[in-house]
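One structure is given here, and the rest of the page talks about it.
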Amino acid sequence: MLEPVELEMYGLVLRPWEEADLPAIERGLADPEYRRWSAVNSPAAFPNGAWDFLCTRTDGWRRGDMAAFAITDLETSAVLGSVYAGALDFDHRSGRVGYWVLPEARGQRVAARGLETMTRWLFQHVGLHRLELGHAVGNDASCRVADRCAYRVEGIFRGAMVDLTGTPRDIHVHARLATDLPPYRFGQTAVPAAADTARANTPAWAAAPTPQD
């Protein structure tokens with residue numbers, strides 16, 4: 001069973017999203033750079049997109065088919081972005097990952113640090129074997145994150161995504177296996193102790209009813 005956790009590594013704390021994070025979620029969903037690369041079914045920031053985002057991720061933890069984290073700064077607790085694993089399939093030990101970063105946090109490798117932290121947890125503690133990462137062709141920033149976290153390029157899915165303008169776009173597909181070596185720049189031979197001892201957490205929402213509009 002997938003239990004909510006907090007993960008601490010690389011100067012970050014990854015934790016489940018909370019209602020207090022709604023302003024940060026709104027800013028993330030409204031960011032033009034985020035929307036430039038979004039699929040047609042991505043939530044809009046307004047009027048209820050941030051709330052829908054929160055509820056979807058809260059419900060994902062409850063169902064056990066999604067692990068969704070706010071990426072926060074270890075020192076300030078400020079929300080920096082989002083990283084998640086969805087479509088979790090425990091029979092095939094697989095999932096799909098994604099991420100976004102708020103504008104003020106870009107250029108600090110927040111997405112890469114957050115993705116690597118979550119990746120190690122999913123492999124070592126959740127027991128997954130394969131994680132897939134896809135982004136629109138042309139999204140070079142996302143491609144660099146995948147490369148830094150040793151998600152190998154596997155090919156292009158033609159016309160696999162429709163963007164917010166209704167235009168079909170090709171998807172660049174990466175994947176990483178539990179048996180792949182972790183990236184050198186994140187420590188190739190040893191897993192930081194913080195990932196091995198990710199502290200279990202039962203957020204307030206875990207025992208509360210699903211939020212309603």
May I ask you to check if R93 and F90 form a cation-pi contact, with NZ or CZ under 6.0 angstrom from the six-membered ring centre and within 45° of the axis? no
With distance as the sole test, does S42 use its side chain to make a donor-acceptor pair with the main-chain N or O of S38 at under 3.5 Å? no
To the nearest 0.5 Å, how far apart are CE in M118 and CE in M9? 12.0 Å
How far does CH2 of W51 sit from CG of L22, to the nearest 0.5 angstrom? 6.0 Å
Between CZ of R113 and OH of Y99, what distance do you get to the nearest 0.5 Å? 15.0 Å
How would you list all residue pairs meeting salt bridge (Lys or Arg N to Asp or Glu O under 4.0 Å) that involve residues 152-163, not counting sequence neighbours? R130-E154, R152-D180, D163-R169
Identify whether the distance between the nearest side-chain nitrogen and carboxylate oxygen of R62 and D59 falls below 4.0 Å. yes
Counting C-beta onward and ignoring hydrogens, is there a side-chain heavy-atom pair between H125 and E3 closer than 4.5 Å? no
Between V137 and I171, is there a shared hydrophobic cluster once you connect ILVMFWY residues whose side-chain heavy atoms come closer than 4.5 Å? no
Verify same cluster id: L14, V126 (apolar side-chain graph, 4.5 Å): yes
So which of R15, R57, R27 actually passes salt bridge (Lys or Arg N to Asp or Glu O under 4.0 Å) with D21? R15
Can you find a heavy atom in the side chain of V145 that is under 4.5 Å from one in the side chain of L115? yes
side-chain contact (heavy atoms from CB on, under 4.5 Å) between E104 and L80, intermediate numbers included: CA-CA 8 Å; E104 66 269 20; L80 306 176; 6.0 Å; no
For residues G114 and I71, report the shortest heavy-atom separation together with the two atoms involved. CA-CD1, 4.3 Å
Polar side-chain atom of D31 near backbone of G28 as donor-acceptor pair, under 3.5 Å: no
Are L7 and L2 linked, directly or through intermediate hydrophobic residues, by side-chain heavy-atom contacts shorter than 4.5 Å (ILVMFWY only)? yes
Quick check, are the ring centers of H135 and H174 under 6.0 angstrom apart? yes
L12 CG to E6 CD distance, which is reported to the nearest 0.5 Å: 13.0 Å
For residues A50 and E26, report the shortest heavy-atom separation together with the two atoms involved. CB-CG, 3.4 Å
So F53 and S82, do their side chains get closer than 4.5 Å, heavy atoms only? yes
Inspect the surroundings of CZ in R96 and state if more than 12 heavy atoms from other residues, nucleotides or ligands are less than 6.0 Å away. no
Exam field: side chain T72 to backbone V13, donor-acceptor pair closer than 3.5 Å: yes
Nearest-0.5 Å distance that lies between atom CG in D147 and atom CG in L133: 11.0 Å
Could I get the full list of side-chain contact (heavy atoms from CB on, under 4.5 Å) partners for V40, not counting sequence neighbours? V162
Under 3.5 Å, is there a donor-acceptor pair between the side chain of D170 and the main chain of I156? no
Can you see which heavy atom on Y151 is nearest to which on T119, and at what distance? OH-OG1, 2.7 Å
Hey, quick one: are M66 and V83 part of the same hydrophobic cluster, counting side-chain heavy atoms closer than 4.5 Å, chains of contacts allowed? no
Can you tell me how far apart OH (Y84) and CG (L88) are? Round to the nearest 0.5 Å. 11.0 Å
Shortest non-hydrogen contact from L164 to A39? CD2-O, 3.3 Å
Residue set satisfying ring-ring contact (aromatic ring centres under 6.0 Å, His included) with F69, at least two apart, ordered chain then number -> W61, W121
Ion pair check, E116 and R176, cut-off under 4.0 Å: yes
Could you go through H172 and V153, starting from their C-alpha distance and side-chain angles, then the distance that decides it, and tell me whether this counts as side-chain contact (heavy atoms from CB on, under 4.5 Å)? CA-CA 8 Å; H172 202 188; V153 176; 3.3 Å; yes
Report yes if some heavy atom in the side chain of I25 is under 4.5 Å from a heavy atom in the side chain of W17; otherwise report no. yes
Closest heavy-atom pair and its distance - F123, A178: CZ-N, 3.6 Å
Which atom names give the shortest non-hydrogen contact between P16 and P4, and what distance separates them? CG-CB, 4.1 Å
